[in-house]
Amino acid sequence: MNAKSIAALLALLTALSTPQLAAAASGNTTTLLNGANQMNQEGQDMATMLRSKAGDNQAMITIAETISGDHKANQEAVKALADSRKITLKDYKKNNAANDQMSKLNGAEFNSAFFAMTIRDHNGAIETFKTARSTFKGDRDVQLYIDETLPVLKAHLEMLKSLQRASALGSSQNPANNRTSGK
């Protein structure tokens with residue numbers, strides 16, 4: 001797959017996988033919790049896909065397991081808060097188009113698309129939770145949930161960026177990945 005094809009695929013994935021968490025900072029607890037529910041389910045799905053494509057790459061396996069476990073724990077917090085408020089969470093809406101596109105990729109192409117999408121999604125989630133922090137100032141329970149969630153999202157983002165840099169560095173140092181046209 002050439003650079004133009006990868007760029008087009010990334011643009012498609014960006015359009016398909018825009019997080020539904022963006023409206024969550026509106027001041028409506030139901031909206032926030034439903035957005036977090038969607039975020040957690042998507043995070044677990046992407047971690048499962050990453051794990052299945054990681055092969056024996058221990059760094060990718062570790063980040064997949066970390067993301068999956070953290071989003072599973074966050075989901076339990078979302079459910080507990082929703083139950084305490086008698087909020088019924090909406091069913092998870094899997095983004096089949098994005099998952100189908102990602103499942104067709106392997107190796108460096110998958111890694112590139114995965115990093116682009118998950119870094120973008122984590123940046124968006126962090127901004128949403130930062131905004132929600134000020135929006136929900138008077139709600140101690142929601143504030144606690146936000147304050148526990150933000151550091152985890154930031155840690156994921158840093159791990160993803162670090163692994164992305166290491167992956168790019170490894171690719172640029174591997175002569176097999178730097179083929180030039182010629183004889």
Side-chain angles (χ1 to χ4, degrees), residues 1 3 5-7 9-22 24 33 35-79 92-130 132-133 145-174 176-178:
M1 190 176 274
S5 298
I6 291 173
L9 175 62
L10 290 175
L12 173 65
L13 290 174
T14 298
L16 294 173
S17 65
T18 301
Q20 296 180 4
L21 193 59
L33 296 179
N37 176 53
Q38 184 72 21
M39 171 194 74
N40 288 323
Q41 299 295 329
E42 287 175 358
Q44 289 179 60
D45 280 355
M46 287 309 298
T48 298
M49 186 179 298
L50 174 60
R51 177 63 183 96
S52 74
K53 293 187 177 269
D56 63 356
N57 184 327
Q58 191 57 51
M60 296 296 258
I61 293 168
T62 299
I63 198 165
E65 291 172 353
T66 299
I67 288 173
S68 179
D70 289 347
H71 280 287
K72 185 176 182 178
N74 190 277
Q75 184 63 17
E76 291 173 14
V78 168
K79 286 181 181 178
Y92 168 52
K93 293 180 182 152
K94 191 172 192 166
N95 188 335
N96 291 322
N99 287 339
D100 289 348
Q101 288 297 320
M102 289 295 290
S103 68
K104 293 175 185 175
L105 302 175
N106 290 303
E109 293 171 348
F110 173 82
N111 293 350
S112 178
F114 172 81
F115 286 129
M117 186 167 60
T118 55
I119 287 171
R120 185 209 63 237
D121 288 352
H122 277 79
N123 275 323
I126 289 166
E127 289 308 310
T128 296
F129 276 92
K130 282 180 178 178
R133 178 189 274 160
Y145 167 70
I146 291 168
D147 288 344
E148 290 176 351
T149 300
L150 264 171
V152 175
L153 292 172
K154 289 177 181 178
H156 288 179
L157 181 61
E158 290 310 310
M159 289 183 342
L160 288 161
K161 286 179 176 180
S162 177
L163 193 52
Q164 181 186 41
R165 284 188 297 271
S167 179
L169 182 61
S171 280
S172 68
Q173 291 180 348
N174 183 348
N177 293 328
N178 295 323

### Query
To the nearest 0.5 Å, what is the distance between CG (Leu157) and CD1 (Ile126)?
4.5 Å
### Query
Tell me, do Val78 and Tyr145 make a side-chain contact under 4.5 Å, heavy atoms counted?
yes
### Task
Report yes if the side chains of Asn123 and Ile119 come closer than 4.5 Å at any heavy-atom pair, otherwise no.
yes
### Task
Flag the pair Ile146 / Lys130 as yes when at least one side-chain heavy-atom distance between them is below 4.5 Å, and no otherwise.
no
### Query
Got a donor-acceptor contact below 3.5 angstrom from the Ser162 side chain to the Glu158 backbone?
no
### Message
Is the ring pair His71/His156 parallel, tilted or perpendicular, if the boundaries are 30 and 60 degrees?
### Response
tilted
### Task
Specify the closest pair of heavy atoms between Arg133 and Leu150, including all atoms of both residues, with the distance to one decimal.
NH2-CD1, 3.2 Å
Acceptor/donor pairs from residues 50-60 side chains to any protein atom, 3.5 angstrom cut, sequence neighbours excluded:
residue, atom, partner, partner atom, Å
Ser52, OG, Met49, O, 2.8
Lys53, NZ, Ser103, O, 2.9
Lys53, NZ, Leu105, O, 2.5
Lys53, NZ, Asn106, OD1, 3.0
Asn57, OD1, Ala59, N, 3.1
Asn57, OD1, Met60, N, 3.2
Gln58, NE2, Thr62, OG1, 3.3

### Query
So does Lys72 have more than 12 non-hydrogen atoms from other groups sitting under 6.0 Å from NZ?
no
### Query
How long is the gap from CD on Gln164 to OG1 on Thr118, to the nearest 0.5 Å?
8.0 Å
### Query
For Leu163, does its backbone N or O pair with a side-chain atom of Ser167 as donor and acceptor, under 3.5 Å?
no
## Note on the structure
Tested for side-chain hydrogen bond (donor to acceptor under 3.5 Å, both in side chains) against Asn37, the lone hit among Gln75, Glu42, Lys79 is Gln75
#### Entry: Rounded distance (nearest 0.5 Å) linking atom NZ of Lys104 with atom CD of Glu109
13.0 Å
### Spacing of Ile67 atom CD1 and Asn74 atom CG [to the nearest 0.5 Å]
13.0 Å
## Note on the structure
Correct closest heavy-atom pair for Asp147 and Pro151 would be O-CD, 3.0 Å
### Query
Is the closest side-chain heavy-atom distance between Asp121 and Met46 below 4.5 Å?
no
### Query
Quick one: CD on Gln44 to CG on Asp70, what's the gap to the nearest 0.5 Å?
10.0 Å
### For Phe115, ring pair (Phe, Tyr, Trp, His ring centres under 6.0 Å) partners two or more places apart
none
